[in-house]
Amino acid sequence: MSHINLANEVLTYGDNFIVENNPVASWCKKAKETTKNEKGKFKKKKRFGKSVQNHAPSMFIEILKNKVNSLGGILNKIDIKNGASQFDFTNGEKTKHELKERQITLSNGNTHLRDTLAAFNLQHFKNKEFNVVEMNENYLNFCNLEKQEIERHKGNKVLKSFGI
């Protein structure tokens, strides 16, 4: 029921959606190699299996896709290899970031939340590439909207993974 309610809420924002086609099933798999941390202790091989089981992200995307299609909208799945959270449009390069890095600093010196920057990049993904010209035109508006959203969430109890 929570997925259906969330999909209905998301549909109030529009009818054209872009999502990354994440390999959710691979998030559940244990690590194959046994590694040690800096202190010499073995790292756990466990990954995100329980979270995936409890939250079912693929099910949410399927519910949203069905609802969008029935209303005549479009849900585009973009291949994760395009690296929406890695692309720095200010210099046109992709930079690998660790999953724990929640804030990303672009080559122009501005810092943004990882997920909002990825959403901004996906918004400008057309014909299998990022439209850098359009990104530069919309960048100031993006900065203002991100700042407003951060201010809106300050003072509220927010998860550390949210990046605020």
Closest non-hydrogen atom pair, Leu113 against Thr116: O-OG1, 3.0 Å
Pairwise distance OG(Ser2) to CE(Met59) - rounded to 0.5 angstrom: 9.0 Å
Which atom of Ile18 lies closest to which atom of Leu122, heavy atoms considered: CD1-O, 3.4 Å
Closest heavy-atom pair and its distance - Leu106, Phe89: CD1-CE2, 4.1 Å
Thr95 and Ile104, any side-chain heavy atoms less than 4.5 Å apart: no
Single-linkage hydrophobic cluster Leu71~Val19, side-chain heavy atoms < 4.5 angstrom: yes
Aromatic plane relationship, His112 with Phe142 - under 30° parallel, 30 to 60° tilted, over 60° perpendicular: tilted
Asn121 CG to Met135 CE distance, which is reported to the nearest 0.5 Å: 3.5 Å
Any side-chain heavy-atom pair of Asn8 and Thr12 under 4.5 Å: no
Straight-line distance of Asp15 CG to Ile74 CD1, nearest 0.5 Å: 7.5 Å
Leu11 vs Leu64 side-chain heavy atoms within contact, under 4.5 Å: yes
Side chain to side chain, Phe125 and Phe87, heavy atoms closer than 4.5 Å: no
Heavy atoms from other residues, nucleotides or ligands near NZ of Lys65 exceed 12 (cutoff 6.0 Å): no
Separation between CD of Glu146 and OG1 of Thr111, rounded to the nearest 0.5 Å: 9.5 Å
Pairwise side-chain contact, His124 with Val132, heavy-atom cut-off 4.5 Å (strictly under): no
Residue pair Gln148 / Glu151, side-chain heavy-atom distance below 4.5 Å: no
Validation row: Tyr139, Asn108 side chains within 4.5 angstrom (heavy atoms): yes
Carboxylate-amine/guanidinium contact Lys77 Glu62, below 4.0 Å: yes
Taking every non-hydrogen atom, the tightest pair across Leu75 and Val68: N-CG1, 3.9 Å
